[in-house]
Amino acid sequence: MPGWLQAGGWGLLAGSALLVGAALGYLARIPQRVIASIMAFGAGVLLSAVAFELFAEADEQAGLLPTALGAVGGAVVYTGCNVLLARRGARHRKRSGKQQPSEAEQGGSGTALALGALLDGVPESIVIGTSLLGGGAISVVTVAAVFISNVPEGLSSAAGMRHAGRTRRYVFTLWAGIALISGLAAVAGYTVLGGAPDAVLAAITALAGGAILAMVADTMIPEAFEDAHLLIGLITVAGFLVAFALSQAG
């Protein structure tokens, strides 16, 4: 099977978890404490994947400097885009309560939410594609970490969209589209960066890691601790250890 097709398939698989989470969040009435717990687990998974897969791989490929520059660059780009989108109504896109504005409360917020979801999902998908470069096997740990973390992301965001009065068609069209774009982003990561020097690949991997880390801090952790209970920290560590165990097994 061609590498680009493998990349697209794995990216689509990881992105499809957003749709699974959205279905749970929109159709089911899940208690806030449960959503916070699930989001804490997902945040722990992504923190571990960034540390032990993305940053570690970038450092092994090209050393500390490209890794650090890429990480800072990714965080800066993500934060800048996030600030712009937050001003247009996407600040609370991963919150499950009533924080998200409706279209009547803030015109254009629906478009901002869609762009915000895209901003959150693309970096994860690109690194899935780049992990296939050089003829290697797909990074199962990265795919698993993205899949596991996408479920609570879609769940929490869709629950918030329901509270904001978004229609079922809007919610499921949005997340189905993001899942498809995730597959295309993985293909782009494989095709566009094929043949790039190790230093460039390391910087791109670290850039994605920096963006993901900023996303976790900006959007996932606030939701995880919205209704914090005494087990939130333990659940976050559990998610971290699950991803760490996967990386060690790989």
Side-chain angles (χ1 to χ4, degrees), residues 1-28 30 34-35 37-50 53-54 90 93-96 110 113-132 137-162 166-191 208-209 211-212 215-216 219-220 223 239 242-243 246-247 250:
M1 182 183 296
W4 66 267
L5 190 57
Q6 292 185 53
W10 286 112
L12 183 61
L13 174 65
S16 67
L18 291 166
L19 196 55
V20 173
L24 292 172
Y26 194 87
L27 300 177
I30 300 175
V34 174
I35 294 177
S37 299
I38 296 172
M39 189 64 94
F41 185 87
V45 166
L46 276 184
L47 288 172
S48 181
V50 168
E53 287 292 309
L54 304 187
R93 59 185 176 275
K94 287 204 171 72
R95 306 302 294 275
S96 60
L113 286 170
L115 292 174
L118 187 62
L119 174 67
D120 296 338
V122 166
E124 302 169 343
S125 301
I126 289 176
V127 295
I128 290 175
T130 58
S131 71
L132 274 169
I138 191 71
S139 173
V140 176
V141 178
T142 301
V143 174
V146 173
F147 187 95
I148 292 169
S149 64
N150 275 348
V151 173
E153 288 184 50
L155 189 157
S156 181
S157 185
M161 291 175 183
R162 186 188 69 233
R166 309 285 175 191
T167 66
R168 181 178 301 186
R169 174 179 293 181
Y170 170 87
V171 171
F172 289 103
T173 299
L174 170 63
W175 291 114
I178 297 301
L180 179 60
I181 292 172
S182 295
L184 295 175
V187 172
Y190 180 85
T191 56
I212 294 169
M215 182 271 289
V216 171
T219 65
M220 296 184 72
E223 173 64 20
V242 165
L246 288 173
S247 68

*Taking side chain as C-beta onward, heavy atoms only, is Arg162 less than 4.5 Å from Val171?*
no
*Output every pair passing salt bridge (Lys or Arg N to Asp or Glu O under 4.0 Å) with a member in residues 11-28, not counting sequence neighbours, ordered by first then second residue.*
none
*Separation of Leu113 CG from Ser157 OG (nearest 0.5 Å)*: 6.5 Å
*Please list, chain by chain and in numerical order, all residues satisfying side-chain hydrogen bond (donor to acceptor under 3.5 Å, both in side chains) with Arg166, sequence neighbours excluded.*
Glu103, Ser109
*Where do Ala114 and Ile178 come nearest, in terms of heavy atoms and distance?*
O-CD1, 4.1 Å
*Which distance, rounded to the nearest 0.5 Å, do you find between the CD1 of Ile35 and the CZ of Arg95?*
11.0 Å
*Could you tell me the separation between the CD1 atom of Ile126 and the OG atom of Ser131, rounded to the nearest 0.5 Å?*
12.5 Å
*asked:* For a quick test of reading the model, state the closest non-hydrogen atom pair linking Ala49 to Ala243 and the distance between them.
replied: N-CB, 4.4 Å
*asked:* I need the Leu18 CG to Ser182 OG distance, nearest 0.5 Å.
replied: 6.0 Å
*Does Phe147 reach the side chain of Ser16, with side-chain heavy atoms less than 4.5 Å apart?*
yes
*Going by heavy atoms in the side chains, are Met39 and Leu155 under 4.5 Å from each other?*
no
*Report yes if some heavy atom in the side chain of Glu124 is under 4.5 Å from a heavy atom in the side chain of Thr142; otherwise report no.*
no
_Closest heavy-atom pair and its distance - Pro123, Ala211_ = CG-CB, 4.0 Å
*Indicate yes or no: at least one non-hydrogen side-chain atom of Val140 is less than 4.5 angstrom from one of Trp10.*
no
*Give the minimum heavy-atom separation between Gly189 and Thr130, together with the two atoms involved.*
O-CG2, 3.5 Å
*For Tyr26, which residues count as a ring-ring contact (aromatic ring centres under 6.0 Å, His included) partner, sequence neighbours excluded?*
Phe172
*Who passes salt bridge (charged side-chain N to carboxylate O under 4.0 Å, His left out) against Glu153, sequence neighbours left out?*
Lys94
*If we only count heavy atoms from C-beta on, is the Trp175 to Met161 side-chain gap below 4.5 Å?*
yes
*Can you see which heavy atom on Leu46 is nearest to which on Ala145, and at what distance?*
CD2-O, 4.3 Å
*List for me each residue that meets side-chain hydrogen bond (donor to acceptor under 3.5 Å, both in side chains) alongside Ser96, sequence neighbours excluded, and say none if there are none.*
Gln32, Glu223
*Spacing of CD1 belonging to Ile30 relative to OG belonging to Ser37, to within rounding of 0.5 Å*: 11.5 Å
*Which atoms form the tightest heavy-atom contact between Val143 and Ala14, and what is the distance?*
O-CB, 4.3 Å
*asked:* So Leu132 and Trp4, do their side chains get closer than 4.5 Å, heavy atoms only?
replied: no
*Could you tell me the separation between the CD1 atom of Ile38 and the OG atom of Ser156, rounded to the nearest 0.5 Å?*
9.5 Å
*Kindly write out the residues that satisfy side-chain hydrogen bond (donor to acceptor under 3.5 Å, both in side chains) with Ser48, not counting sequence neighbours, or none if the list is empty.*
none
